[in-house]
A.B. asks: 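Please find one structure pasted underneath; my questions will follow.
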Amino acid sequence: MTAAVPATHCDALVIGSGAGGSAAALELAGAGREVLVLEEGPRVAPERIARASPAENLRLLYRQGGLVLIHGRPTIPFGEGRCVGGTTVVNGGLFWRPPDRLLDRWAAAGVDGYRAHHLAPQLADMERRLGVTDQPPGAGNRDSLLLARAADRLGWHWAPARRVVRGCAHANRCVTGCPTGAKQSMLVSYLPAAERLAAVVQPDTRVVRLEHDGARVTAVHAVRDGRRLRFLPRTVFLAAGPVGSALLLRRSGIGGRGPGRSIAFHVNLRTVARFREPVLAVEGTIFTAQLQEFADRGVLVMPGNLTPGSLAAALAAHPTGTVDRMLAQLDRVAVYTTQVRVRAAARLTAVPGLGAVLRHRLADEDVGLLRFAFRRTAELLLAAGAVELLPPAPVTLTGAGPAADFARRSRPETWDLLSVHAMASCPMGPPATGGVCDAGGRPYGFTNLRLCDASVLPGATGVSPQETVMGFAHLIAARYLEGPAVG
């Protein structure tokens with residue numbers, strides 16, 4: 001006879017400890033609710049992050065070492081955190097408010113209740129709690145200073161980076177875990193605050209299925225250290241990430257084919273720029289200036305963390321000799337990231353034994369937008385004084401003519417692209433337009449299950465989504481607390 005799996009009763013069970021899960025956990029714990037947070041990944045203290053190398057932290061803190069693939073033309077690596085604190089541990093700590101016009105557009109599409117005035121109290125409280133600051137270009141960030149000066153010459157709008165940092169030491173390791181604890185990730189901010197209010201965080205615990213009766217989640221099944229676990233929660237807040245949440249709903253038979261049918265994402269293209277004079281980009285933080293001139297078209301340009309490893313990764317499509325030549329001139333090199341909000345969507349397929357398989361297909365307008373994005377990036381970097389540009393394809397460009405010709409003729413389907421922002425895999429919205437959840441984050445038909453991560457957003461944000469995700473999560477949890485006493 002198989003031994004019965006012991007059951008743990010709990011009030012509010014939060015699945016996932018990233019931006020959304022941590023915001024919900026703190027909101028609930030602050031209201032005196034009993035909160036249990038389950039996190040699939042390990043808990044890695046800042047001291048351990050500091051001792052480890054960037055390569056070691058890449059393997060430790062990211063899902064599959066940062067090698068989740070979105071298959072298509074091209075195949076796009078997707079990076080997300082898998083640790084206590086989630087992707088907030090390995091992002092740049094960027095904290096941009098969702099644009100008012102975006103929230104108004106979502107409201108017009110049937111997701112009202114999340115306009116700027118609804119979110120304003122939550123956003124203000126988050127910014128105060130996390131110490132958001134406009135971090136202007138300065139010492140150690142010459143790559144950002146060059147971008148800002150070039151934008152001024154061209155008459156283009158740029159803005160200082162808006163980040164959640166306290167005492168940034170410019171350690172240049174944002175995307176592999178802040179070694180000083182200056183970046184206010186959920187690991188060092190929200191989760192400790194929730195724990196001081198009696199919330200419990202349980203790492204290394206993977207949720208495999210939500211048992212339900214068609215209207216309520218009755219049990220949550222998980223595994224830890226090879227042991228099966230069973231939780232009996234009063235209510236569940238699902239924040240396992242845009243891929244993880246959709247996959248878990250699919251495995252549990254919730255939402256039909258809706259979860260993961262259409263996942264919005266941003267793509268990043270990287271351009272390596274060589275300058276005549278030293279830039280010393282290895283001495284700066286991720287970036288302190290962002291070009292926003294073309295934000296209405298979904299295009300943003302900013303420097304990226306520069307290390308020998310990140311430079312080699314940015315030049316993955318180039319010959320070995322080119323990589324060696326750039327590494328030899330590291331002090332005169334900077335890597336710039338161009339973020340593009342594409343119309344293409346990824347589609348999740350749940351494959352037994354493999355988990356989630358993601359596929360995409362660039363839309364025709366995406367091809368034109370990517371070409372536009374590179375052309376404007378090249379124009380900006382040449383105005384900044386770059387003497388050589390290496391785009392996300394195995395060519396070397398010198399001067400405006402070759403750069404414009406590359407942008408006109410090259411095929412983005414062959415470029416080396418990546419993504420670190422996915423969202424809207426289980427969006428709020430009317431079912432007739434693809435909505436999986438109602439305005440409370442509940443999958444249609446369910447009363448005690450709420451999604452509160454990037455998966456529930458109605459679409460792509462066009463800006464780094466952390467503040468948007470957290471604002472939605474706070475509001476979802478707050479409205480739950482204001483509601484009826486049952487689930």
Side-chain angles (χ1 to χ4, degrees), residues 1-18 20-26 28-29 33-45 60-61 63-64 80-86 89 186-187 190-192 194-195 197-241 243-255 259 350 352-356 426 442-443 446-453 455 473 477 480 487:
M1 180 180 295
T2 303
V5 178
T8 300
H9 290 265
C10 54
D11 180 6
L13 182 67
V14 180
I15 302 171
S17 66
S22 294
L26 184 56
L28 295 164
R33 302 298 292 266
E34 177 195 28
V35 179
L36 175 60
V37 181
L38 304 182
E39 167 56 48
E40 179 182 0
R43 186 164 196 155
V44 185
L60 182 64
L61 302 173
R63 185 174 303 283
Q64 297 176 201
E80 67 174 353
R82 180 184 170 274
C83 57
V84 171
V89 176
M186 300 299 98
L187 173 67
Y190 264 52
L191 290 172
E195 288 174 316
L197 295 169
V200 174
V201 179
Q202 186 170 315
D204 302 307
T205 305
R206 184 170 70 91
V207 175
V208 295
R209 184 169 61 89
L210 305 179
E211 185 179 335
H212 61 90
D213 60 11
R216 294 180 57 84
V217 173
T218 55
V220 173
H221 298 267
V223 292
R224 185 183 193 202
D225 297 329
R227 295 182 294 111
R228 291 187 298 157
L229 305 172
R230 187 163 62 104
F231 299 90
L232 304 178
R234 185 178 183 216
T235 190
V236 177
F237 287 81
L238 176 56
V243 177
S245 289
L247 185 62
L248 183 57
L249 291 185
R250 285 274 196 96
R251 274 202 307 258
S252 305
I254 298 173
L354 293 178
C426 308
R442 292 170 295 197
F446 279 78
T447 59
N448 73 333
L449 172 61
R450 288 164 175 79
L451 275 66
C452 59
D453 59 8
S455 66
Y480 158 75

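These figures come from a predicted structure and were not determined experimentally.
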A.B. asks: Quick one: pull up CG in Leu249 and CG in Leu451 and give me the separation to the nearest 0.5 Å.
C.D. replies: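 CG of Leu451 is found 5.5 Å from CG of Leu249.
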A.B. asks: Determine the minimum heavy-atom distance between Arg250 and Pro259, stating which atoms define it.
C.D. replies: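 The answer is NE-O, 2.8 Å.
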A.B. asks: Are His212 and Ile254 close enough that some pair of their side-chain heavy atoms sits under 4.5 Å apart?
C.D. replies: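 Heavy-atom side-chain distance check passes, below 4.5 Å.
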A.B. asks: Give the intermediate values and the outcome of side chain to side chain contact (heavy atoms under 4.5 Å, CB included) for residues Gln202 and Leu229.
C.D. replies: CA-CA 12 Å; Gln202 186 170 315; Leu229 305 172; 3.7 Å; yes
A.B. asks: Given side chains that start at C-beta, do those of Thr447 and Arg442 come closer than 4.5 Å, heavy atoms only?
C.D. replies: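 The answer is no; the side chains never approach within 4.5 Å.
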A.B. asks: Compare all side-chain heavy atoms of Glu40 with those of Arg63 and state whether any distance is below 4.5 angstrom.
C.D. replies: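 Of all side-chain heavy-atom pairs linking Arg63 with Glu40, at least one is under 4.5 Å.
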A.B. asks: Is Arg251 salt-bridged to Glu211, going by a charged N under 4.0 Å from an acidic O?
C.D. replies: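 No, Arg251 and Glu211 are not salt-bridged.
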A.B. asks: Is the backbone of Gly241 close enough, under 3.5 Å, to the side chain of Asp453 for a donor and an acceptor to pair up by distance?
C.D. replies: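 Yes: the side chain of Asp453 pairs with the backbone of Gly241.
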A.B. asks: To the closest 0.5 Å, what do you measure between CG (Asp225) and CZ (Arg206)?
C.D. replies: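 If we round to the nearest 0.5 Å, Asp225:CG and Arg206:CZ are 12.5 Å apart.
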A.B. asks: What heavy-atom pair brings Val14 and Gly21 nearest, and what distance separates the two atoms?
C.D. replies: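 Nearest pair, atom of Val14 first, then Gly21: CG1-O, 3.5 Å.
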A.B. asks: Is there a donor-acceptor pair under 3.5 Å between the side chain of Arg450 and the backbone N or O of Ala477?
C.D. replies: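 The answer is no, because no donor-acceptor pair under 3.5 Å joins these two groups.
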A.B. asks: Can you find a pair of side-chain heavy atoms, one from Leu449 and one from Phe237, that are under 4.5 Å apart?
C.D. replies: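 Counting from C-beta outward, Leu449 and Phe237 never come under 4.5 Å.
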A.B. asks: Roughly how far apart are Cys83 SG and Arg43 CZ, rounded to 0.5 Å?
C.D. replies: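 One finds 11.0 Å between SG of Cys83 and CZ of Arg43.
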A.B. asks: So which atom in Arg33 and which in Asp11 form the shortest heavy-atom distance, rounded to 0.1 Å?
C.D. replies: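 It is NE-OD2, 2.7 Å.
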A.B. asks: Which heavy atom of Gly85 sits nearest to which heavy atom of Leu191, and what is that distance?
C.D. replies: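 It is N-CD1, 3.9 Å.
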A.B. asks: Considering the options Val44, Leu38, Val84, which one meets the side chain to side chain contact (heavy atoms under 4.5 Å, CB included) requirement together with Pro203?
C.D. replies: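 The option that passes is Val84.
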A.B. asks: Could you measure the distance from the OG atom of Ser455 to the CG atom of Leu247? Nearest 0.5 Å is fine.
C.D. replies: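 Answer for the OG-CG pair, Ser455 versus Leu247, is 12.0 Å.
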A.B. asks: If the condition is side-chain hydrogen bond (donor to acceptor under 3.5 Å, both in side chains), which residues does Ser17 pass it with, not counting sequence neighbours?
C.D. replies: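 Listed in chain order: Glu39.
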A.B. asks: Leu13 and Val217: side chain to side chain contact (heavy atoms under 4.5 Å, CB included), yes or no, with the steps?
C.D. replies: CA-CA 11 Å; Leu13 182 67; Val217 173; over 6 Å; no
A.B. asks: So does Arg224 get a backbone contact from the side chain of Thr205, meaning a donor-acceptor N/O pair under 3.5 Å?
C.D. replies: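 No.
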A.B. asks: Locate the shortest heavy-atom distance separating Ala24 from Ala473; write the atom from each residue and the value.
C.D. replies: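 Distance-wise, the nearest heavy atoms are N-CB, 4.4 Å.
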A.B. asks: Would Phe446 and Arg216 count as a side chain to side chain contact (heavy atoms under 4.5 Å, CB included) here? Give the steps.
C.D. replies: CA-CA 6 Å; Phe446 279 78; Arg216 294 180 57 84; 5.7 Å; no
A.B. asks: Test your reading of the model: is there a side-chain donor-acceptor pair from His221 to the backbone of Val207, 3.5 Å cut-off?
C.D. replies: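 Flag not set: sc His221 to bb Val207 has no pair under 3.5 Å.
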A.B. asks: Is there a donor-acceptor pair under 3.5 Å between the side chain of Asp213 and the backbone N or O of Ala215?
C.D. replies: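 Checked: pair present.
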A.B. asks: Can you give me the closest heavy-atom contact between Pro233 and Thr218, atom names plus distance?
C.D. replies: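 Heavy-atom minimum between the residues: CD-O, 4.5 Å.
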A.B. asks: Go through Ile15 and Leu210 one step at a time and tell me if the side chain to side chain contact (heavy atoms under 4.5 Å, CB included) criterion holds.
C.D. replies: CA-CA 11 Å; Ile15 302 171; Leu210 305 179; 3.9 Å; yes
A.B. asks: What distance separates Ser22 OG from Leu187 CG, expressed to the nearest 0.5 Å?
C.D. replies: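 The CG atom of Leu187 is 9.0 Å from OG of Ser22, to the nearest 0.5 Å.
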A.B. asks: Side chain to side chain contact (heavy atoms under 4.5 Å, CB included) with Ala199: which residues, sequence neighbours excluded?
C.D. replies: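 Here the qualifying residues are Ala29, Val35, Ala194.
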